[in-house]
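This chain uses plain numbering: 1 for the first residue, then up along the sequence. Just so it is clear, the structure is predicted and the values come from calculations on it, not from any experiment.
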Amino acid sequence: MKINRVIIRRLKLDLVHPFTTSLGTERDREFLLVEIQNEDGLSGWAESVASADPFYKEETVKTNLHIMEDFLIPILQREEISHPDDVSKLFSHIRGNYMAKSALEGAIWDLYAREKNISLATALGGVKKQIEVGVSIGIQDSIDQTLRKIERSLSEGYKRIKIKIRPGWDVEVTRSVRKEFPAIPLMVDANSAYSLADIDHLAQLDEFQLMMIEQPLEHDDLIDHAELQARIQTPVCLDESIHSAEDVRKAIKLGSTKVINIKIGRVGGLTEAKKIHDLCQQHNIPVWCGGMLESGIGRAHNIAMTSLPNFTLPGDTAASSNYWHADIINPEVTVDNGIITVPDGVGIGYTPDMNRIKAVTLEEKVYG
């Protein structure tokens, strides 16, 4: 595989509804869209999940562009790539910058699948033809508004409900949700809003029979999560703390987690995501696919990855219409009774909508 040209576009999409977590409120999404072309003019597509601000992780749109432009793209331009797995090895001497690496690697994976005339899911070793998905509900203005959003999501067939929590918006809202919907698969996500001083408070969530509590403590912690897990019944799921299979190995050894959220961008790409999947499968740790408010391009990568067998819990890959007035792919991602059919077309299985992409592009750079 010889890379002929790399195109980086900076896009901005307005969200249908503001999305609030313990980290803040997002009303739009600025991100980098990556297109990589081979010598025959065939293109592979991916996106960076880095935000404009360094709140979820330290990476941003601007830092991603710098790392891609000055370090990563030159590597791709001078090296011969026989398989997408080669990319993570070529990038390994550059520390961190997982989202920048993932965006370029993801486009290589898509291009590789297109060259082989197979779907991305098949290229990854996926086995599922359909995947179950849930929905993530941000912090609302009231408990009643939260209940109504859950009601709508359930009416649309979503298989799992996740609600965002933070200090002051946790036990009571969860109690109200459980009272209204006593049997639904329910989890909460704290986005590292708590500390060990809150153990007794977090233990109150045990009464609600939650699937898990996601990343309750610091964004880079493994040790305190082990202490928390030992003292509460609710399974702890790690998100921000996991960047690699090595992090997962340590977390399992420490007893820090019973569930892992895999986000492709957070772990540096599909190759590392597969390693994490395989390691968790060996240790009977279920995994699921988290969401980063991706456009349809990133959403398509999530769908392909979720076709791997140990993705046994519904992920966050909701329909495009949940987030965007109009997505940048054709067809848009749709959900039928909580199920997404894994596309069997070549590559990601969706066609980039070039007219829509041009309409929301703020900047375009071409390399090669």
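- Between the side chains of D239 and Y56, at least one donor N or O lies within less than 3.5 Å of an accepting N or O.
- Ionic pairing of R114 and D110 is present here: one or more N-O contacts between side-chain nitrogen and carboxylate oxygen are shorter than 4.0 angstrom.
- Of all heavy-atom pairs spanning S119 and P343, the tightest one is CB-O, 3.9 Å.
- Within the 4.5 Å cutoff, side-chain heavy atoms of D316 are placed close to those of R160.
- Using a 3.5 Å distance cut-off with no hydrogens or angles, the side chains of R29 and S51 do pair a donor with an acceptor.
- Pairs engaging residues 327-343 under the side-chain hydrogen bond (donor to acceptor under 3.5 Å, both in side chains) rule: S320-D327, N330-D353 [sequence neighbours left out].
- In the model, E272 has no side-chain atom that pairs as donor or acceptor with a side-chain atom of S88 under 3.5 Å.
- The hydrophobic cluster containing M212 also includes M187, M211, V259, W288, L313, under a criterion of side-chain heavy atoms closer than 4.5 Å among ILVMFWY residues, counted directly or through chains of members.
- H225 meets the side-chain hydrogen bond (donor to acceptor under 3.5 Å, both in side chains) test with D221; sequence neighbours excluded.
- Between E240 and K263, no side-chain nitrogen of the basic residue sits less than 4.0 Å from a carboxylate oxygen of the acidic one, so the salt-bridge criterion is not met.
- Each ring-ring contact (aromatic ring centres under 6.0 Å, His included) pair with one or both residues in residues 304-358, not counting sequence neighbours, appears once here: H277-F311.
- T257 and Q229 share no side-chain donor-acceptor pair at under 3.5 Å.
- In this structure, Y98 and H243 have parallel ring planes: the angle between them is below the 30° cut-off, well short of the 60° mark.
- For the residue pair Q37 and N4, no side-chain donor N or O sits within less than 3.5 Å of a side-chain acceptor on the partner.
- Looking only at side-chain heavy atoms (C-beta outward), V87 and E79 stay at 4.5 Å or farther from each other.
- Closest of all the heavy-atom pairs between A46 and A107 is CB-N, 3.3 Å.
- Looking at K57 and D220, no side-chain N of the basic residue comes within less than 4.0 Å of a carboxylate O on the acidic one, giving no salt bridge.
- Contact check for N322 versus E156: side-chain heavy atoms found under the 4.5 Å cut-off.
- Salt bridge status for E30 with K12: absent, with no side-chain N to carboxylate O gap under 4.0 Å.
- Sorted by first and then second residue, the side-chain hydrogen bond (donor to acceptor under 3.5 Å, both in side chains) pairs involving residues 128-142 (not counting sequence neighbours) are Q140-Q145.
- Partners of Y158 according to the side-chain hydrogen bond (donor to acceptor under 3.5 Å, both in side chains) rule, which considers only residues two or more places apart in sequence or in another chain, do not exist here.
- Judged by distance alone, with hydrogens and angles left aside, the side-chain atoms of S22 form a donor-acceptor pair with the main-chain N or O of A190 at under 3.5 Å.
- Proximity of I276 to C280: side-chain heavy atoms (C-beta onward) are separated by under 4.5 Å at one or more points.
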